[in-house]
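Below are the structure tokens for one structure; questions will follow.
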Amino acid sequence: DATSDPACLLMSNPHCLKVLAALEETGVKCDVQYVSHEERVVPFISRPVLPALLPPTGPHLFSSNAICSYLFEVGGKDCSDLCNQWLEWETTELQPMLLQALHMAVVLEKGSEVSKVLQGPLNYLDQSLSKQNTAYLTGETLSVADIVMWAALYPILSGSSTILGERNSVKAWFERGAKLQSIQSAAQKVLQGKGLQGMKTFLQRQPNPQSKEIQTCTSSPAEAEESERVVSEEEMEAAALTWSKELQDWPLPEDRQHPILPQEDKKNILVTSALPYVNNVPHLGNIIGCVLSADVFSRYSRLRGWNVLFVCGTDEYGTATENKAIEEGLTPQEICDKYHAIHSAIYKWFQIDFDFFGRTTTEKQTVIAQDIFWRLHKNNFLLEDTVEQLRCENCQRFLADRFVEGICPHCAYPEARGDQCDKCGRLINAVELKEPQCKICRKTPIICSSKHLFLDLPKLEIQLEQWLDKSTSTGDWTANAKQITRSWLRDGLKPRCITRDLKWGTPVPHPDFKEKVFYVWFDAPIGYLSITANYTDKWEKWWKNPPQVELYNFMAKDNVPFHSVVFPCSLLGAQDNYTLVNHLVATEYLNYEDTKFSKSRGVGVFGDMAKETDIPCDVWRFYLLYVRPEGQDSSFSWADLATKNNSELLNNLGNFINRAGMFVTKFFEGCVPAMVLQQEDKKLLALVAWELQQYIQLMDKVKIRDSLKHILNISRHGNQYIQVNEPWKNIKAGDAERQRAGTVTGVSVNIACLLSVMLYPYMPTTSQTIRDQLNCPQSVIGTMLRGNGNFVCALGAGHRVGAVSPLFQKLEGDQIEALKKRFSGQQSSVCFHPQTTAQKVASSEAATAPAPAAEATAAADPERAKQLSQAVVEQGEKVRNLKAQKAEKALITAEVTLLLDLKKQLVLAEGKTPEPAPQKGKKK
């Protein structure tokens with residue numbers, strides 16, 4: 001209890017600031033002692049660990065967050081689930097970045113680099129606080145999560161007001177904490193009035209954080225392990241015993257009999273990837289966030305012997321498709337056909353191994369969506385209400401979200417859509433936009449009323465909560481998925497509109513709403529069901545079978561609420577025994593060189609461009625998975641791609657596998673030699689077996705990025721093993737030495753065989769190439785990952801390998817620089833560079849200028865219209881960039897004039913009569 005005076009043993013380090021702040025905030029009585037950095041105060045740990053707390057009963061606590069939670073509990077303040085999630089995030093995501101930032105600022109004296117290091121976690125914190133709109137992290141009352149986070153950030157944020165930049169939500173939250181007496185008092189004791197310099201001595205004694213990971217992702221738990229694990233005799237003997245076992249004759253992952261249906265005696269895994277919009281070309285961030293992550297897990301699950309169905313398809317209905325159709329002068333169906341083929345080709349090149357890749361514009365989509373609708377209607381989970389909407393009188397239509405844009409009412413961004421602002425991320429009702437414009441004709445719309453149907457989410461909230469409690473506690477939901485879902489529930493759910501005034505969509509079957517279609521976020525997730533139904537008539541065995549099926553949803557974080565709240569409510573309300581998501585796996589965002597991907601500006605690599613770089617598909621897969629934004633936003637970097645390819649693939653993984661195979665070919669005439677295991681070999685087998693077990697445990701939990709590091713750890717162990725034992729020297733010596741060279745070669749080539757299996761989910765072509773070169777038995781692919789892992793001797797003495805050759809090629813600096821320049825876009829070419837597309841088109845058109853608009857009677861020219869349409873997009877982006885850069889007025893005016901001229905020419909090329917010029921001050 002609070003009066004027992006537990007002994008709290010501390011020293012001046014950043015973690016102590018948290019504990020001292022929690023101690024003062026809770027008022028718990030505690031005897032505080034300051035001890036030397038080297039003093040061991042926790043008896044069962046061999047190294048010094050501080051701070052530490054000795055409670056009146058029970059063992060020492062030596063995690064600062066655990067100590068803080070204990071103090072709050074003793075003080076009568078329990079920690080909620082959300083609070084625990086924030087503490088976990090602080091430990092796994094924020095702390096590694098903070099330690100790098102502190103090392104950068106204090107030890108290396110590079111304070112200017114701190115903002116870059118903390119960009120990801122601060123963005124995540126700001127977005128979370130902004131969305132939940134509460135004073136504290138878990139609601140309207142202070143929790144231990146606030147104290148821990150304030151104390152963690154205080155040393156680095158209190159000394160610099162520029163680090164937070166425009167992150168207003170986190171700024172207000174931090175300032176609230178910085179004023180607390182508990183934080184100020186703790187900071188004074190730990191920092192002693194010296195600011196960051198008060199921690200210099202402590203930081204100089206700490207290991208150097210791996211700064212190379214700053215621009216990509218937080219280092220994984222695997223990398224925090226000691227470089228040399230202590231291996232017990234029992235582990236070595238167990239590894240040697242497994243090594244001696246036979247390969248099992250399991251079915252190959254490629255040998256799938258369609259249609260795949262759930263089986264009574266198997267673990268049945270249904271994998272879905274968020275349906276990509278059909279109206280655009282996916283970029284690298286889209287690919288890693290959805291289809292590639294789902295593909296890796298599906299391939300891995302098949303290696304585990306699970307029964308897997310992996311479905312996906314293009315999301316084809318809605319305003320985005322209508323918009324694109326108007327933009328390209330095609331019908332919505334033609335747009336869908338065109339981009340469905342583009343998506344399919346891209347995913348095929350990236351080797352995404354769907355069992356079925358479908359689309360939502362099918363008859364089965366209509367049948368299933370309308371059935372769910374009528375069930376919701378019958379069960380009284382639908383409401384009718386009148387909604388104020390924007391209507392364009394010129395186009396004679398209501399303007400759904402993406403047909404209108406204007407100034408964001410929250411952040412004043414001038415190009416906010418009618419459903420969401422791309423800058424601040426806030427959801428918007430289109431009527432809230434300032435200075436709205438119809439995107440089709442650029443006229444100002446009026447506000448009119450329209451009757452719509454709503455899903456009664458408040459009525460379903462209790463059912464949803466009960467299901468969520470079970471699913472999130474038993475399934476593998478990512479931390480961001482849990483947090484985003486809870487933030488939606490925190491303020492209570494509100495009815496959500498499920499109908500739209502559009503033509504392109506699944507028709508609403510109700511006679512009173514026959515002119516409307518279903519809103520895409522009611523309709524699109526039903527696509528998972530209809531796509532499966534187009535794959536097999538027995539689709540209900542997957543989608544109405546919750547006891548037998550585990551459902552994994554893969555997506556980026558912006559899709560979470562629709563998969564964790566809206567869609568589950570639709571299925572719960574339908575009351576038809578639907579399979580609901582068990583594991584919701586959401587990534588953060590992948591940026592491009594610290595900016596956003598932009599097709600119109602030519603910034604970033606899009607799916608159809610990756611092939612043109614001549615970099616193999618497997619290298620793209622490897623790097624995207626290496627920087628997969630699992631816990632925070634990460635960035636694609638050309639320089640980092642080259643570094644990872646040349647160091648991890650070429651010099652580490654490829655080097656080991658090639659050397660192992662070449663030794664067999666060169667020294668033993670292509671046959672694996674006899675192996676006589678010594679203690680050193682058994683130790684290596686045990687190390688490899690441990691890495692394999694970690695890989696399996698992490699992959700089972702869908703920690704795809706972290707699992708990859710264990711593959712690279714194994715090849716590092718292998719390289720070190722070869723280097724220490726020098727088989728190239730021993731082969732030239734006596735019989736004993738030759739035997740030793742044979743053992744080292746045989747063990748190494750078997751490790752290479754294991755690596756080929758572990759690589760299969762990540763780099764399927766490379767995996768197959770290794771197995772082909774080593775002539776591996778087919779059964780290795782089905783044996784190695786069963787159970788807790790089976791590192792067996794697959795290539796025994798006498799096994800003949802095939803032709804061995806290097807797996808990877810070096811990426812040269814000039815090659816990378818050329819690619820970086822090629823995909824950097826036009827944002828830097830203002831007026832002193834060769835002509836842009838807009839200028840080229842404008843000047844070529846000027847030479848053959850048409851008659852004045854009033855007299856123009858020329859027929860449409862689709863090819864010229866296509867060129868001009870692209871030119872208008874580029875020129876519009878250029879004008880916006882110049883305005884954002886506050887360029888000279890004369891320069892902006894000149895570029896605006898060119899834009900207006902291009903728009904006139906586009907209208908003529910389309911065979912239309914130009915409208916009068918927009919009024920001054922309107923958005924272009």
Side-chain angles (χ1 to χ4, degrees), residues 238-239 241-273 293-311 351-356 474-476 532 535-536 541-542 545-552 554 579 582-583 585 688-704 707-708 710-711 714 750 753-764 767-768 770-771 776-795:
L241 180 63
T242 302
W243 166 268
S244 65
K245 290 181 179 178
E246 297 289 327
L247 286 170
Q248 299 298 311
D249 191 19
W250 298 102
L252 299 180
E254 294 87 350
D255 296 341
R256 307 202 292 275
Q257 299 297 316
H258 295 283
I260 299 167
L261 297 173
Q263 298 176 26
E264 289 284 346
D265 58 341
K266 288 234 180 174
K267 183 173 183 176
N268 298 297
I269 303 292
L270 177 56
V271 177
T272 70
S273 169
S293 295
D295 178 64
V296 171
F297 185 73
S298 297
R299 288 175 180 271
Y300 167 77
S301 298
R302 294 183 192 115
L303 293 181
R304 296 282 278 148
W306 302 337
N307 185 42
V308 182
L309 179 66
F310 176 22
V311 296
Q351 299 182 76
I352 309 301
D353 191 16
F354 302 115
D355 288 302
F356 188 73
T474 59
D476 292 313
T532 310
Y535 166 70
T536 173
K541 289 182 178 292
W542 285 106
N545 190 5
Q548 276 195 323
V549 174
E550 285 189 52
L551 173 58
Y552 285 78
F554 286 81
T579 302
N582 304 94
H583 314 274
V585 185
V688 170
W690 184 86
E691 298 285 359
L692 175 59
Q693 289 168 9
Q694 299 306 303
Y695 167 92
I696 289 172
Q697 288 173 17
L698 288 166
M699 283 292 271
D700 280 358
K701 295 290 186 182
V702 207
K703 299 292 186 182
I704 295 172
S707 300
L708 179 56
H710 289 282
I711 297 175
I714 289 175
N750 271 281
C753 178
L754 169 67
L755 287 170
S756 75
V757 179
M758 295 173 74
L759 276 171
Y760 172 75
Y762 296 88
M763 306 175 77
S767 168
Q768 186 63 57
I770 297 167
R771 283 180 279 136
C776 297
Q778 285 192 331
S779 52
V780 298
I781 201 80
T783 298
M784 300 289 199
L785 300 191
R786 298 294 174 118
N788 294 321
N790 299 292
F791 179 27
V792 303
C793 179
L795 311 180

inquiry  = The test is side-chain contact (heavy atoms from CB on, under 4.5 Å); show your working for Gln697 and Lys703 and say whether it passes.
reply    = CA-CA 9 Å; Gln697 288 173 17; Lys703 299 292 186 182; over 6 Å; no
request  = Could you pull out all residues at least two apart from Asp700 that satisfy side chain to side chain contact (heavy atoms under 4.5 Å, CB included)?
outcome  = Tyr300, Arg304, Trp306, Ile696
query = What heavy-atom pair brings Asp355 and Ile260 nearest, and what distance separates the two atoms?
reply =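 Reported closest heavy-atom pair: OD1-CD1, 3.4 Å.
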ask   = Can you name the nearest heavy-atom pair linking Val549 to Asn582, along with the distance?
value =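 What the structure gives for the nearest pair is O-OD1, 3.6 Å.
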query = For Pro546 and Thr579, which heavy atoms make the closest approach, and how far apart are they?
reply = N-OG1, 3.6 Å
inquiry  = Is any side-chain heavy atom of Asp353 closer than 4.5 Å to one of Ser298?
reply    =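 Of all side-chain heavy-atom pairs linking Asp353 with Ser298, none is under 4.5 Å.
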message = Using 0.5 Å steps for rounding, measure from the CE atom of Met758 to the CE atom of Met784.
response =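 Here the rounded value is 10.5 Å.
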query = Do Ser767 and Arg771 pass the side-chain hydrogen bond (donor to acceptor under 3.5 Å, both in side chains) test, and can you show the C-alpha distance, the side-chain angles, and the key distance before you say yes or no?
reply = CA-CA 6 Å; Ser767 168; Arg771 283 180 279 136; 3.1 Å; yes
key: Verdict with supporting geometry, Phe297 and Ile269, side-chain contact (heavy atoms from CB on, under 4.5 Å)   = CA-CA 10 Å; Phe297 185 73; Ile269 303 292; 4.3 Å; yes
ask   = What do the steps show when you test Val792 against Leu247 for side-chain contact (heavy atoms from CB on, under 4.5 Å), and what is the final call?
value = CA-CA 7 Å; Val792 303; Leu247 286 170; 3.4 Å; yes
key: Min side-chain heavy-atom separation Ile711-Leu755 under 4.5 Å   =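 Result yes, sub-4.5 Å side-chain heavy-atom pair found.
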request  = Please lay out, stage by stage, how Thr272 and Leu551 fare under the test side-chain contact (heavy atoms from CB on, under 4.5 Å).
outcome  = CA-CA 8 Å; Thr272 70; Leu551 173 58; 4.0 Å; yes
task = First locate atom NZ of Lys245, then atom CG of Asn790, and finally report the distance between them rounded to the nearest 0.5 Å.
result =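 Answer rounded to 0.5 Å: 6.5 Å.
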key: Sequence-distant partners of Gln263, side chain to side chain contact (heavy atoms under 4.5 Å, CB included), two or more places apart   = Asp265, Lys266, Asn268, Asn307
Which atom of Val271 lies closest to which atom of Ala294, heavy atoms considered =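 Result for this residue pair: CG1-CB, 3.9 Å.
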request  = Calculate, to the nearest 0.5 Å, the distance between atoms CE and CG belonging to Met699 and Leu303 respectively.
outcome  =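 If we round to the nearest 0.5 Å, Met699:CE and Leu303:CG are 8.5 Å apart.
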ask   = At their closest point, which heavy atom of Leu785 faces which heavy atom of Val757, and how far apart are they?
value =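 Scanning both residues, the minimum pair turns out to be CG-CG1, 4.1 Å.
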message = Test your reading of the model: is there a side-chain donor-acceptor pair from Asn750 to the backbone of Ala794, 3.5 Å cut-off?
response =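 Answer holds: yes.
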ask   = Taking Thr783 for the side chain and Val780 for the main chain, is one N or O donor matched with an acceptor at less than 3.5 Å?
value =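 Side chain of Thr783 to backbone of Val780, a donor-acceptor pair under 3.5 Å: no, none is there.
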ask   = Does the side chain of His710 come within less than 4.5 Å of Gln693's, by heavy atoms?
value =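 Side chain of Gln693 against side chain of His710, heavy atoms only: no contact under 4.5 Å found.
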request  = Can you measure from CG (Leu754) to OH (Tyr695) and round to the nearest 0.5 angstrom?
outcome  =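 The CG atom of Leu754 sits 9.0 Å away from the OH atom of Tyr695.
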inquiry  = Ring-plane angle category for Phe354 and Phe310, please: parallel below 30°, perpendicular beyond 60°, tilted otherwise.
reply    = tilted
Closest non-hydrogen atom pair between Lys541 and Pro262, with its separation =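 Shortest heavy-atom contact: O-CG, 3.2 Å.
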task = Mind telling me whether His258 and Tyr535 have parallel, tilted or perpendicular rings, with 30° and 60° as the class edges?
result =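 Perpendicular, since the angle between the ring planes exceeds 60°.
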key: Interatomic distance, Leu759 atom CG to Gln768 atom CD [nearest 0.5 angstrom]   = 12.5 Å
ask   = Got a second to check how far Asp295's CG is from Ile352's CD1, nearest 0.5 Å?
value =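 Interatomic distance, Asp295 CG to Ile352 CD1, rounded to 0.5 Å: 4.5 Å.
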inquiry  = Treating Tyr760 as the side-chain partner and Ile781 as the backbone partner, does any N or O pair qualify as donor plus acceptor under 3.5 Å?
reply    = no
inquiry  = Angle between ring planes, Phe791 versus Trp243, binned at 30° and 60°: parallel, tilted or perpendicular?
reply    =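 Judged by the thresholds at 30° and 60°, the geometry between Phe791 and Trp243 is perpendicular.
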inquiry  = Is any side-chain heavy atom of Ile704 closer than 4.5 Å to one of Tyr762?
reply    = yes
message = For the backbone of Thr532 and the side chain of Thr536, can you confirm whether one donor and one acceptor N or O come within less than 3.5 Å of each other?
response = no
